[in-house]
Amino acid sequence: MVLKAVLWDVDGTLAETERDGHRVAFNLAFEACGLDWRWDDARYGDLLRITGGRERLLHDMRSRTDAPPLAGERDALARKVHAKKNGLYGDLVRSGAIPLREGVVELMQQCRERGVRMGIATTTSRSNVEALLSVHLGARWQDGFSAVVCGEDVRSKKPDPEVFNLALRAMGIGPLEAVAIEDSPGGVAAARAADIPVVVTRSAYFAEAAIDAAIAIGPGLDQRQGWQPELPPSSRAGALVGLDDIEAWLARMPIVSHHP
Ligand code: XBP
Ligand code: MG
């Protein structure tokens with residue numbers, strides 16, 4: 001099967017937005033809303049099992065004795081804090097504080113040169129994607145993507161496959177004509193449930209997470225060492241992971257799992 005499209009996850013895959021963006025912005029939003037709640041790195045890492053920022057906050061509130069007792073009140077507070085968080089996240093991203101991960105722009109460029117289409121399949125809010133990609137790819141960043149499917153577009157967030165199924169439908173392609181690039185077990189499960197082969201670039205929070213049934217798992221697109229299956233060494237210094245590598249994995253379709 002010829003590779004027609006690369007479907008990008010956003011948080012953790014395009015940039016370390018969870019560690020350096022969402023967590024920081026949530027803590028600023030708690031403060032702005034007069035709450036003395038704070039999420040440290042360890043707690044946030046744990047909470048990432050819950051996808052979606054508002055859902056994550058609601059989950060956290062269930063174990064807090066100082067959260068509003070009624071479900072309706074909790075919901076209203078979660079909406080308020082989450083909206084504030086997304087505003088602060090946008091400010092943070094627009095300040096240039098969060099770079100794209102190395103190798104991302106280069107792979108995007110290769111896709112454009114070779115006519116491999118691109119899509120975004122994320123369960124983060126559209127405003128967050130807009131902020132991140134307009135800073136790094138320019139105001140017309142959407143021109144480079146045939147589909148941009150975000151959290152607001154789905155009824156069920158990852159690990160549900162809905163976001164990937166919508167992206168495939170919007171692009172008019174089948175699952176085996178695409179590859180998903182993901183960083184989290186939930187993202188991998190979502191793509192696999194849509195029958196899309198997945199390449200995993202591990203991010204800070206999911207560096208040690210168990211991953212099942214990817215076609216390749218590695219430290220990032222900027223390094224050729226440390227991948228499973230191994231990548232052939234390149235004679236060029238600083239060589240990245242590119243479309244040739246992804247196509248070679250797709251041709252073999254290995255099933256790679258990693259339980260550190
Ligand atoms: C991962 C997520 C997101 C972000 C926060 O999304 O779980 O919910 O943590 O975004 P991705 P919101 O699929 O891109 O990895 O606060 O906008 O929900
Ligand atoms: Mg992710």
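As a basis for the values below, the full set of heavy atoms in this structure was taken, side chains included, without hydrogen atoms, waters or symmetry mates. In listed order, ligands and their atoms are each counted from 1.
- Sorted by chain and number, the residues within 4.0 Å of ligand 1 by heavy atom are Asp9, Val10, Asp11, Glu18, His22, Tyr44, Thr51, Gly52, Gly53, Arg56, His82, Lys85, Asn86, Thr122, Thr123, Thr124, Ser125, Asn128, Lys158.
- In terms of heavy atoms, Val135 sits closest to Arg94 at CG2-CA, 3.6 Å.
- Side chains of His258 and Arg202: a donor-acceptor N/O pair is present below 3.5 angstrom, by distance only.
- The number of heavy atoms from other shown groups lying within 6.0 Å of CD (Glu102) does not exceed 12.
- Counting non-hydrogen atoms of other residues, nucleotides and ligands closer than 6.0 Å to CD of Glu208 gives a total of 12 or fewer.
- Around the Mg ion (ligand 2), the protein contributes the following N, O or S atoms under 2.8 Å, ordered by chain and number: Asp9 OD2, Asp11 O, Asp183 OD1.
- Evaluation of the ring pair (Phe, Tyr, Trp, His ring centres under 6.0 Å) test over residues 198-225, restricted to residues two or more places apart or in two chains, returns Tyr44-Tyr205.
- Ring centers of Phe30 and Trp39: under 6.0 Å apart, within the cut-off.
- Residues Ile120 and Val129 come closest through the heavy atom pair CG2-CG1, 4.4 Å.
- Take Arg19 and apply the side chain to side chain donor-acceptor pair (under 3.5 Å) test, not counting sequence neighbours, and it matches no residue.
- Between the Ser146 side chain and the Met171 main chain, no donor and acceptor come within less than 3.5 Å of each other.
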